Amino acid sequence: RSRESGSGSGSGSALRIAVICGGPSPERGISLNSARSVLDHLDSSQVDISAYYVDTDLVAHSISPSQLYSNTPSDFDFRLRNASAKGVVTYASLDEFGAALRTSADLVFPVMHGKFGEDGQIQKLLEDL
């Protein structure tokens with residue numbers, strides 16, 4: 001998808017990057033580390049970064065990028081189940097999650113390991129956008 005500058009001056013809006021991590025696999029902790037690494041290497045002054053966590057039940061949540069640095073997978077799962085995470089948006093379905101990505105991201109960077117991440121399921125969801 002291309003982005004167009006609204007002003008015509010050649011200064012377009014920032015590239016919107018969505019980083020997706022987590023998943024049902026026991027490897028979701030590695031996924032969180034991968035997401036942190038991606039965030040560490042993106043220049044947030046040049047891009048608009050949004051972060052998403054998929055829990056063990058394949059429910060997607062929009063989280064703040066800073067939340068990736070302060071939680072373990074079990075802490076994420078506990079907080080999300082108990083609605084104690086502030087600023088989190090929980091999507092009713094993966095279709096709703098996909099629709100949100102379609103309108104809010106120019107580029108999606110999935111860093112999910114194991115089931116749902118490496119078996120083509122997240123790729124299929126993204127291709128169907």
Side-chain angles (χ1 to χ4, degrees):
R1 220 178 350 203
S2 66
R3 294 175 299 122
E4 308 237 351
S5 171
S7 67
S9 66
S11 61
S13 60
L15 181 67
R16 300 171 304 165
I17 299 177
V19 177
I20 306 173
C21 63
S25 168
E27 297 180 56
R28 65 189 181 284
I30 297 166
S31 175
L32 283 171
N33 289 338
S34 296
R36 291 175 188 130
S37 181
V38 169
L39 291 180
D40 288 345
H41 291 89
L42 290 174
D43 182 352
S44 62
S45 70
Q46 301 289 320
V47 295
D48 181 19
I49 303 164
S50 55
Y52 299 90
Y53 178 78
V54 177
D55 68 21
T56 56
D57 295 321
L58 295 179
V59 175
H61 309 271
S62 172
I63 59 174
S64 73
S66 64
Q67 287 175 303
L68 290 174
Y69 292 94
S70 62
N71 294 289
T72 63
S74 57
D75 189 37
F76 261 108
D77 296 339
F78 173 79
R79 287 175 181 234
L80 293 171
R81 271 194 301 274
N82 294 294
S84 62
K86 293 182 176 150
V88 171
V89 174
T90 299
Y91 298 96
S93 68
L94 290 176
D95 289 336
E96 182 183 33
F97 174 51
L101 287 174
R102 182 178 320 129
T103 60
S104 66
D106 300 310
L107 179 111
V108 177
F109 200 124
V111 288
M112 299 173 68
H113 299 278
K115 184 179 177 182
F116 196 70
E118 295 174 350
D119 62 3
Q121 291 183 61
I122 188 67
Q123 185 65 34
K124 172 139 179 42
L125 175 77
L126 297 173
E127 287 176 354
D128 290 345
L129 298 179

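Nothing here was measured: the structure is a model prediction, and the numbers come from that model.
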*Which pair of heavy atoms, one from A18 and one from Y52, lies closest together, and at what distance?*
CB-CE1, 3.6 Å
*Closest approach of A60 to F97 (non-hydrogen atoms, all atoms of both residues)*: CB-CG, 3.4 Å
_Check for me, please, whether V88 and I49 land in the same ILVMFWY cluster - side-chain distances under 4.5 Å, paths through other members count._
yes
_Name the residue from S25, P24, P110 that meets the side chain to side chain contact (heavy atoms under 4.5 Å, CB included) definition with F116._
P24
*Could you tell me whether a side-chain N or O of S34 sits under 3.5 Å from a main-chain N or O of I30, the two making a donor and an acceptor?*
yes
*Identify the heavy atoms of C21 and L32 that sit nearest to each other, and give their distance.*
SG-CD2, 3.7 Å
_Nearest 0.5 angstrom please: M112 CE to R28 CZ, how far?_
10.5 Å
*Apply salt bridge (charged side-chain N to carboxylate O under 4.0 Å, His left out) to D128 and K124, showing your working.*
CA-CA 6 Å; D128 290 345; K124 172 139 179 42; 2.8 Å; yes
_Whether the side chain of R16 engages the backbone of S50 through a donor-acceptor N/O pair (distance < 3.5 Å, no angle test) should be reported._
no
*Give a yes or no on this: more than 12 heavy atoms of other residues, nucleotides or ligands lie within 6.0 Å of atom CZ of F109.*
no
*asked:* Just verifying a value: how many Å separate S31 OG and Y53 OH, rounded to the nearest 0.5 Å?
replied: 8.0 Å
_Where H113 and V111 come nearest, the two heavy atoms and their spacing_ = CD2-O, 3.8 Å
_Can you tell me how far apart CD1 (I20) and NE2 (H61) are? Round to the nearest 0.5 Å._
13.0 Å
*Is it possible for you to say whether I63 and L42 belong to one hydrophobic cluster, with membership spreading through side-chain heavy-atom contacts below 4.5 Å?*
yes
*Could you tell me which non-hydrogen atom of L94 sits nearest to which non-hydrogen atom of L125, and how far apart they are?*
O-CD1, 3.6 Å
_To check you understand the geometry: which heavy-atom pair defines the closest contact between Q46 and A14, and what is its length?_
O-CB, 3.7 Å
*Verify the cluster assignment for V59 and L68: are they in a single hydrophobic cluster under the rule of side-chain heavy atoms below 4.5 Å apart?*
no
